[in-house]
Novice: 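This structure is in structure tokens; I'll ask about it shortly.
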There are 2 protein chains.
Amino acid sequence: MDWNLIRTFLAVVDEGSLSGASEKLGISQPTVGRHINELESSLGLTLFVRGRSGMALSEAGLRLIDDARAMAREAEKFALKAAGSSDNIKGNIRITASEVVSAYLLPPILCQLQSAEPDIEIELVANNHADNLLSRDADIAIRMFRPTQNDLITRKVNELSVATHASRKYLDNFGHPKTIADLSNHRLIGYDRDDLILRSMTALGIEGSREMFAFRTDNHLIYWQLLKAGAGIGFCANHLAKELGDIEPLLPELQIPNLPMWLTTHQELRTNLRIRRCMDFLGEALGKMHL
Amino acid sequence: MDWNLIRTFLAVVDEGSLSGASEKLGISQPTVGRHINELESSLGLTLFVRGRSGMALSEAGLRLIDDARAMAREAEKFALKAAGSSDNIKGNIRITASEVVSAYLLPPILCQLQSAEPDIEIELVANNHADNLLSRDADIAIRMFRPTQNDLITRKVNELSVATHASRKYLDNFGHPKTIADLSNHRLIGYDRDDLILRSMTALGIEGSREMFAFRTDNHLIYWQLLKAGAGIGFCANHLAKELGDIEPLLPELQIPNLPMWLTTHQELRTNLRIRRCMDFLGEALGKMHL
DNA sequence: CATAATGTGTTCATTTTTGAATATTAAATG
DNA sequence: CATTTAATATTCAAAAATGAACACATTATG
């Protein structure tokens, strides 16, 4: 029994198609198809119904996915522990962070890291969703929330101070809000599906809903472009506001709680020299920033 | 990451050498060596110390075997469940039983099974140690003790009546024991490392040790040859004594408990049509024998 | 200390697996 | 109903993995 066929099987289940799985696995679509055929004939089972759009699991296939997944979990554990045992400084390391952090905080720090550890190749994965450190989407994650998965080592390295901001252009056009209550007469910029702002407001005792925002976007870059262009009042990290220019802080009495910045890696990787060096360096560098 | 490399890794650990693993896996020794090299270089670890006699696990390798084993367990579960889903009557089936049962009870029954189910190929694995139905050493086991592994379906199909026997030749030479106490003045034939006889005797309230046997062997065929040749007094299933001829039952007052005969398969396989048919047939055929 | 036994490493021809290109199919769409 | 789209199957040349044979190393053993 070829264990790799089970891995391919699982990828096809997860992606829903041979072509999707081929991309995920980094092998060609014909090969994925052949793997599935081989698995089916070696088990004497029909695992998929070759249907209208892609591959749908058959009943027999359905019965097997839990075991296949369990096997994949153990494979992940194996790979993690193996990576943790490596004391080789040479190699690459994957760091993940939100788009904002990746774009505005990390570049200079990673340059210094590069100089300090020339043997380490650094991959930066910028995205806003929580990734799975267990399946090694990344080795190190920098997030604005404390990761909840088990077996992780988390360390709070800094805090981002946030305040209400608007561009001078907006303030010239629509006036300066004097009180928090004033905000309801202004145009606000918010997130669309991300409920970070709404949750923060609820925590501050201010009720609100998605509809209160005149502009909504989940793309932070566009958010600031809207802010800069004078589309409305929004929330922005203070260090970023300085960098963007043209934007003024408002309502100092609206104390928005700082956003914590967490540096995270998997427990198994703490013994990996390369990752330990990077963790220490990033913790030091991020920690001494004035945000 | 190639999952098959982990399977090879585990085989080398279990067998202690590349050549041993190659035999176990049914691949050539150079291939096993290449797999290990590839795994080591892809993990950046030295898993084995290539030593004087075979491959000894390194510290890093030692840390990984538990996870590798866990993965193998899940692979077994997957394969079991897959086999259980098969409703294909064509195919082969592995039956395991003790050498005695394999040699004296099963042949005629398996011939009938062959006629009744011509599409099923039957493999008979004769050995005296408990095999691992979980790892599919066999699909169906016939044992004289109730298997203890979990997730097995066990069914008691018959009992073997056993009595003390000796050949006429022995009785002519050494006389007929009249009472149980008399036995201590006779030559007894016993097992060597197998303690079945001793345990049975303890259960009957008779104390004894290996040393009380004038002849000791674990090979049942040789046991009976000794019995037939008049080497001593021994224990023998009644149906077998008739078949062997020349052997007489002794001491009817020494009531030896019957040996139960258990028919066993793995729970996951109960839904496999082929195995279900064989189980039913064997249960019926073994059950109606007069033993 | 030669020899047998046992194990790993190497070479090369063969077999197997793979991927690029392409054909094919079926549903969705205008 | 033709067209687009998104998927699976097929073909064939190239790449990779494999095994047989053999070289080499080490340990028992007489």
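Here is the naming used below: chain letters follow the sequence lines, and residue numbers restart at 1 for every chain. Basis for what follows: all heavy atoms, side chains included, without hydrogens, waters or symmetry-related copies.
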Novice: Would one find a side-chain N or O of Ser19(A) under 4.0 angstrom from OP1 or OP2 of dT8(D)?
Specialist: yes
Novice: Taking N or O atoms only and anything under 3.5 Å, show me the protein contacts with nucleotides 12-14 of chain C, one pair per line.
Specialist:
none

Novice: Are any of the side-chain nitrogens in Glu38(A) or Arg34(A) under 4.0 Å away from the carboxylate oxygens of its partner?
Specialist: no
Novice: May I ask you to verify whether the side chain of Gln29(B) and the base of dG9(C) hold a donor-acceptor pair under 3.5 Å?
Specialist: yes
Novice: Would you indicate which nucleotide in dT8(C), dG19(C), dT8(D) comes nearest to any side-chain atom of Pro30(A)?
Specialist: dG19(C)
Novice: Are any of Thr31(A)'s side-chain N or O atoms less than 4.0 Å away from OP1 or OP2 of dT17(C)?
Specialist: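 Answer is no, no contact under 4.0 Å.
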Novice: Quick check on the 6.0 Å ring-centre criterion: do Tyr223(B) and Tyr191(B) meet it?
Specialist: yes
Novice: Within the side chain of Arg143(B), is there an N or O that forms a donor-acceptor pair under 3.5 Å with the backbone of Thr264(B)?
Specialist: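 Side chain of Arg143(B) to backbone of Thr264(B), a donor-acceptor pair under 3.5 Å: no, none is there.
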Novice: Just say parallel, tilted or perpendicular for the rings of Phe9(A) and Phe78(B), cut-offs at 30° and 60°.
Specialist: perpendicular
Novice: Please work out whether the ring planes of Tyr104(B) and Trp224(B) are parallel, tilted or perpendicular, with thresholds of 30° and 60°.
Specialist: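 Perpendicular, since the angle between the ring planes exceeds 60°.
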Novice: Specify the separation, in whole Å, of atom CG of Asp2(B) and atom P of dT18(C).
Specialist: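 One finds 10 Å between P of dT18(C) and CG of Asp2(B), rounded.
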Novice: Round to a whole Å and report the spacing from CG of Leu18(A) to P of dA7(D).
Specialist: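 The answer, rounded to whole Å, is 10 Å.
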Novice: In whole angstroms, how far is the C1' atom of dT15(C) from the CD1 atom of Ile27(B)?
Specialist: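 Roughly 15 Å, once rounded to whole Å.
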Novice: Between atom CE in Met55(B) and atom C1' in dA25(D), what is the gap in whole Å?
Specialist: 14 Å
Novice: Using whole Å, report how far CG of Leu25(B) lies from P of dA17(D).
Specialist: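 In whole Å, dA17(D) P lies 17 Å from Leu25(B) CG.
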Novice: Under 4.0 Å between a side-chain nitrogen and a carboxylate oxygen: does that hold for Asp66(B) and Lys77(A)?
Specialist: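 No, this pair does not count.
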Novice: Kindly state which residues belonging to residues 35-43 of chain A come within less than 4.0 angstrom of DNA chain D, counting heavy atoms of the residue only, listed by number.
Specialist: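 Heavy-atom contacts with DNA chain D come from no residue of residues 35-43 of chain A; none.
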Novice: Counting only heavy atoms not in Glu23(B), do more than 12 fall under 6.0 Å of its CD?
Specialist: no
Novice: Any carboxylate oxygen within less than 4.0 angstrom of a Lys/Arg side-chain nitrogen, looking at Arg50(B) and Glu40(B)?
Specialist: yes
Novice: Measuring only between side-chain heavy atoms, which start at C-beta, is Thr265(B) closer than 4.5 Å to Leu133(B)?
Specialist: no
